[in-house]
Amino acid sequence: ACFASPASAEEAIIRGRVFEDLDFTGVATAYDAAQDAPVPNAEVELYTSADIYVESTISGPDGTYSFNELNAGTYKVRFRAATIGDYRWS
C-alpha cells in the first residue's frame with residue numbers, strides 16, 4: 001500500500017510526503033520513518049476539484065513535495081511511481 005501524508009493548504013501552499021505504508025497501519029497521517037519507506041522521484045500532479053490539471057513536481061529523496069503560490073481553492077493530488085503505480089489521494 002502507498003499513502004501520502006495529507007496535503008496541507010496554508011497560505012496557498014500544498015505540501016506532503018509520498019511513502020509506502022510498510023507497517024500497514026492504513027493511516028495516511030501516520031508516517032513513521034522507522035517503519036515506512038519514502039518514495040523518492042514520484043511524479044506528483046496537482047488538479048483542481050474539477051479534475052483540471054494545474055502543475056506537477058517530483059518528490060524529493062525523502063518523499064516530500066510542495067506546490068507553492070497557489071490560488072485559494074480545493075485541490076486533488078495524484079501520485080505515480082514505479083514502486084507504487086498510479087495512486088490518487090484527495
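All values derive from a computational prediction rather than experimental measurement.
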Locate the shortest heavy-atom distance separating [X] from [Y]; write the atom from each residue and the value.
X   : Y   : value
N68 : E55 : O-OE2, 4.4 Å
Y47 : E45 : OH-OE1, 2.8 Å
R17 : Y65 : N-CE2, 3.5 Å

Given V44 and I58, is the side chain to side chain contact (heavy atoms under 4.5 Å, CB included) satisfied, shown in steps? CA-CA 6 Å; V44 185; I58 301 295; over 6 Å; no
How far apart are the C-alpha atoms of I13 and S66, what are their side-chain angles, what is the distance that settles it, and do they pass the side chain to side chain contact (heavy atoms under 4.5 Å, CB included) test? CA-CA 7 Å; I13 296 172; S66 179; 3.9 Å; yes
Ignoring hydrogens and angles, tell me if any N or O in the side chain of S59 forms a donor-acceptor pair with the backbone of T64 under 3.5 Å. no
If I take atom CG from residue L70 and atom CD1 from residue I14, how far apart are they, to the nearest 0.5 angstrom? 5.0 Å
Quick one: does V39's side chain get under 4.5 Å of F79's, heavy atoms only? no
